[in-house]
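For reference, the structure is listed below as structure tokens.
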Amino acid sequence: MSDHPSNCCRYCSPSGKRCGDLATDGQDYCQWHSESHQAPTRAKQNLEKIARKNGSLAGYQLQQTDLQDANLIGADLEDAKLQRAGLAGAHLYGVKLHGADLFQGQSVLCQFESGQFSR
């Protein structure tokens, strides 16, 4: 018998981190891990709250999400999908980006230098 309830999101990161959120009705994944992701209302505020509590944002589908000026210092964004996410002014010092997708088409969305992002 699995120790992961059947109504929980089935996401598991490459390093073995499981999502503890409830799956969206009739789906295998929560709103953050669904490949048909649409940013929920108040996405930035919700992500900041999770990050403040040292929660994992691993594997989150954040394509095209407006994260301008978001405070995600130290957040775990392992394997997160960040293509075309609005990161201008975001506070990303110490974020964990192993396996994260930061590409926008054929050009890199941003560069990681000395622990801080720059465009």
Open item on the list: Please check: side-chain N/O of D101 versus main-chain N/O of F103, any donor-acceptor pairing under 3.5 Å?
Closed with: yes
- [ ] Work out which heavy atom in L72 is nearest to a heavy atom in A51; give both atom names and the distance.
- [x] CD2-CB, 4.0 Å
Open item on the list: Nearest 0.5 Å, please: how far is CG in L82 from CG in L92?
Closed with: 9.0 Å
- [ ] First locate atom CD of Q61, then atom OH of Y29, and finally report the distance between them rounded to the nearest 0.5 Å.
- [x] 10.0 Å
Open item on the list: Checking W32 against L62 for the side-chain contact (heavy atoms from CB on, under 4.5 Å) test, could you report, in this order, the C-alpha distance in whole Å, the side-chain angles of both residues, the deciding distance, and whether it holds?
Closed with: CA-CA 8 Å; W32 298 110; L62 300 173; 3.8 Å; yes
Open item on the list: Set out, in order, the CA-CA distance, both residues' side-chain angles and the distance that settles side-chain contact (heavy atoms from CB on, under 4.5 Å) for D76 and Y60, then state yes or no.
Closed with: CA-CA 10 Å; D76 179 2; Y60 276 29; over 6 Å; no
Task: Shortest non-hydrogen contact from I50 toward S56 - done: CG2-O, 4.1 Å
- [ ] Measure across C8 and G20 and return the closest heavy-atom pair with its distance rounded to 0.1 Å.
- [x] SG-O, 4.1 Å
Open item on the list: Tell me if a side-chain donor or acceptor on H33 pairs with a main-chain N or O of D21 at a distance below 3.5 Å.
Closed with: no
Task: Spatial distance of atom CD (E35) from atom CG (D28) [nearest 0.5 Å] - done: 11.0 Å
- [ ] Measure across D66 and K44 and return the closest heavy-atom pair with its distance rounded to 0.1 Å.
- [x] O-CB, 3.9 Å
TODO: Considering non-hydrogen atoms only, spot the tightest contact between C12 and R18 and give its length.
DONE: SG-CG, 4.1 Å
TODO: Using the test salt bridge (charged side-chain N to carboxylate O under 4.0 Å, His left out), find all partners of K96 that sit at least two apart in sequence or belong to another chain.
DONE: none
- [ ] Please identify each residue that fulfils side chain to side chain contact (heavy atoms under 4.5 Å, CB included) with N71, with sequence neighbours left out.
- [x] E48, I73, H91
Task: Point-to-point distance, once rounded to the nearest 0.5 Å, from CZ of R42 to NZ of K49 - done: 9.0 Å
Task: Stepwise side-chain contact (heavy atoms from CB on, under 4.5 Å) test for R84 and Q63 - done: CA-CA 6 Å; R84 297 184 178 209; Q63 302 92 323; over 6 Å; no
Task: Check: T65 side chain, L67 main-chain N or O, donor-acceptor pair, under 3.5 Å - done: no
TODO: Decide whether S15 and E78 meet the rule of one side-chain donor and one side-chain acceptor closer than 3.5 Å.
DONE: yes
- [ ] Of all the heavy-atom pairs spanning G59 and Y11, show the shortest one and how long it is.
- [x] CA-OH, 3.3 Å
Open item on the list: With a 4.0 Å cut-off on N to O distance, would you call D79 and K17 a salt bridge?
Closed with: no
